[in-house]
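Structure, as structure tokens:
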Amino acid sequence: MAELILKDVCKSFGKVEVVRHVDLQLRDKEFVVFVGPSGCGKSTLLRLIAGLEDVSRGEILIDGEVVNDRRPKERGIAMVFQSYALYPHMNVYENMAFGLELSRRSRAEIDQRVRRAAETLELVPLLARLPRELSGGQRQRVAIGRAIVREPKVFLFDEPLSNLDAALRVQMRIEIAKLHDEIGATMVYVTHDQVEAMTLADRIVVLRDGRVEQVGAPLDLYHQPANRFVAGFIGSPQMNFVDCAVEAADAQGVRVRLPGGQTLQAAVAADGVRAGDAVTLGVRPEHLLAGRAPPDGTLLEGRCTVVEQLGESHLLHVELPGRLRITVRSAGDARIRAREAVAVGVPGGHCHLFLANGTALARQL
């Protein structure tokens with residue numbers, strides 16, 4: 001396997017720049033996920049690594065060697081696409097073996113590699129079946145097996161689970177995580193689904209408009225987002241945001257005044273903020289308390305507009321004075337019903353603050 005390095009990588013289509021000055025270093029055997037909204041450049045960046053698009057500027061290094069001018073088959077990569085792209089007239093064994101046959105590998109080596117990959121992916125009973133005789137999840141496993149048999153330096157996944165239903169997506173997430181643990185490969189995975197990113201990645205790269213917004217371990221991005229965009233993208237349901245003003249800032253944190261007149265002490269660093277500054281308060285739905293005040297925060301009075309019962313938890317959609325809307329997530333069944341009055345506790349220790357330019361103030365964890 002290999003280290004993957006991107007140095008000031010840019011990609012333009014005509015006058016439109018879709019990847020902008022990306023610098024990344026992916027460690028050997030690391031599982032890195034590119035995540036972001038549609039059009040952020042994540043799939044284009046993956047295609048640049050694969051050699052399916054030419055770099056406009058910068059360098060891509062795989063295993064210490066610059067590969068900008070190398071064809072895809074010369075880069076030591078294998079790619080799994082959103083579409084399975086299996087040959088319909090070939091059975092599972094033949095689909096997995098075809099690339100090795102083109103490389104003129106010996107029959108013994110091909111058979112060894114295919115059967116080893118089939119055992120890893122639990123495909124041995126299916127080797128004689130045609131693609132039309134397989135489920136969606138089985139077809140995707142064959143596509144992954146076709147990549148494994150090549151024994152590449154880097155695996156690239158371009159939204160491989162998008163065509164599967166919800167249950168299969170969960171199953172395949174687990175299988176991909178197990179696969180990475182078993183073969184210890186360097187993997188780059190593209191998705192727009194932040195749940196996939198959180199559950200699979202060693203590190204997440206959050207992209208917006210072709211730029212890297214933040215790189216870090218999943219829980220680092222969850223607890224310490226670099227800016228409002230990352231805070232809103234990571235986490236489901238997304239973080240609640242409330243515009244407010246700074247009342248005071250000191251070593252204990254930043255005290256803000258909320259739209260309803262209440263004050264709240266947020267446990268964040270006060271660097272660069274002064275009384276009167278406009279800031280945005282952020283707090284995740286799972287950190288709000290329905291019907292009780294926290295010891296380190298304040299209580300907001302509102303009215304529940306919608307209740308979503310999820311079984312293990314529920315979501316309350318609450319409207320506060322000034323037509324401000326927030327979401328509260330709590331465990332178990334909801335005792336509160338739609339159109340009922342509800343008090344929402346906001347704990348200062350779980351709050352984030354963002355400056356007018358979107359930059360986050362460091363939390364005092």
Side-chain angles (χ1 to χ4, degrees), residues 4-6 9-11 17-27 29-50 52-53 60 77 79-83 140 144 154-164 166 168-177 179-181 185-239 241 282 284-286 352 354 358-360:
L4 172 64
I5 299 175
L6 282 68
V9 170
C10 302
K11 176 61 181 178
E17 193 173 26
V18 295
V19 174
R20 309 179 185 190
H21 308 286
V22 172
D23 289 291
L24 288 171
Q25 182 172 358
L26 283 64
R27 297 183 289 269
K29 301 181 181 179
E30 189 174 27
F31 196 130
V32 174
V33 175
F34 295 168
V35 71
S38 298
C40 71
K42 56 187 183 296
S43 288
T44 301
L45 188 57
L46 196 75
R47 290 173 65 84
L48 292 173
I49 296 169
L52 301 176
E53 300 285 355
I60 297 175
I77 58 96
M79 194 162 181
V80 179
F81 296 92
Q82 180 177 344
S83 60
Q140 193 57 276
I144 294 171
V154 179
F155 285 87
L156 307 177
F157 295 86
D158 189 7
E159 303 202 42
L161 309 186
S162 296
N163 292 335
L164 304 180
L168 272 177
R169 286 173 73 100
V170 173
Q171 178 185 339
M172 284 303 301
R173 279 207 316 264
I174 295 171
E175 292 189 12
I176 290 173
L179 175 66
H180 177 252
D181 184 61
T186 304
M187 293 185 175
V188 184
Y189 188 104
V190 162
T191 182
H192 64 276
D193 186 337
Q194 58 90 22
V195 175
E196 284 182 22
M198 291 290 289
T199 54
L200 286 173
D202 294 322
R203 284 192 300 157
I204 297 174
V205 179
V206 182
L207 292 155
R208 177 173 61 161
D209 296 332
R211 297 186 185 275
V212 174
E213 292 288 324
Q214 188 173 357
V215 181
L219 291 181
D220 290 341
L221 270 60
Y222 177 85
H223 291 297
Q224 292 280 19
N227 54 47
R228 178 170 171 168
F229 174 79
V230 175
F233 196 86
I234 298 296
S236 181
Q238 76 163 211
M239 184 180 288
F241 296 107
R284 297 196 182 279
E286 55 269 31
H352 304 255
F354 305 94
T359 301

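What you see is a predicted model, and the numbers here were worked out from it, not measured in a lab. If you read the sequence from its start, that first residue is 1, and numbering goes on from there.
- His180 NE2 to Asp202 CG: the interatomic distance, rounded to the nearest 0.5 Å, is 5.5 Å.
- Of the inter-residue distances, the one linking Leu4 atom CG with Arg27 atom CZ reads 12.5 Å to the nearest 0.5 angstrom.
- Side-chain atoms of Gln194 come within 3.5 Å of backbone N or O of Gly235 as a donor-acceptor pair.
- You'll find the side chain of Val195 stays beyond 4.5 Å of the side chain of Arg169, heavy atoms only.
- Side-chain N or O atoms of Glu196 include none that pairs as donor or acceptor with a backbone N or O of Glu159 at under 3.5 Å.
- Judged purely by atom type and a 3.5 angstrom limit, Gln140 uses its side chain to pair as donor or acceptor with the backbone of Pro160.
- For the atom pair CD1 of Ile176 and OG1 of Thr199, the computed distance is 9.5 Å after rounding to the nearest 0.5 Å.
- Qualifying ring-ring contact (aromatic ring centres under 6.0 Å, His included) partners for His192, counting only residues two or more places apart in sequence or in other chains: none.
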If you apply the rule side chain to side chain contact (heavy atoms under 4.5 Å, CB included), what do you find for Leu200 with Phe31, and how did you get there? CA-CA 7 Å; Leu200 286 173; Phe31 196 130; 4.1 Å; yes
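- Under the 4.5 Å side-chain criterion, counting only non-hydrogen atoms from C-beta, Val22 is not in contact with Phe34.
- Looking at residues two or more places apart in sequence or on another chain, you find a side chain to side chain contact (heavy atoms under 4.5 Å, CB included) between Arg228 and Phe241, Asp243, Thr280, Phe354.
- In plain terms, the two heavy atoms of Ala231 and Arg284 that are nearest each other are O-NH1, 3.6 Å.
- Taking CG of Leu161 as the start and OG1 of Thr191 as the end, the distance is 7.5 Å to the nearest 0.5 Å.
- With Arg208 contributing its side chain and Glu213 its backbone, the two residues share no donor-acceptor pair below 3.5 Å.
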Distance-only check: which donor-acceptor pairs under 3.5 Å involve side-chain atoms of residues 35-44, not counting sequence neighbours?
residue, atom, partner, partner atom, Å
Lys42, NZ, Gly36, O, 3.0
Lys42, NZ, Pro37, O, 3.2
Ser43, OG, Asp158, OD1, 3.0

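- Separation of atoms CD1 (Ile204) and OH (Tyr189) is listed at 12.0 Å; rounding is to 0.5 Å.
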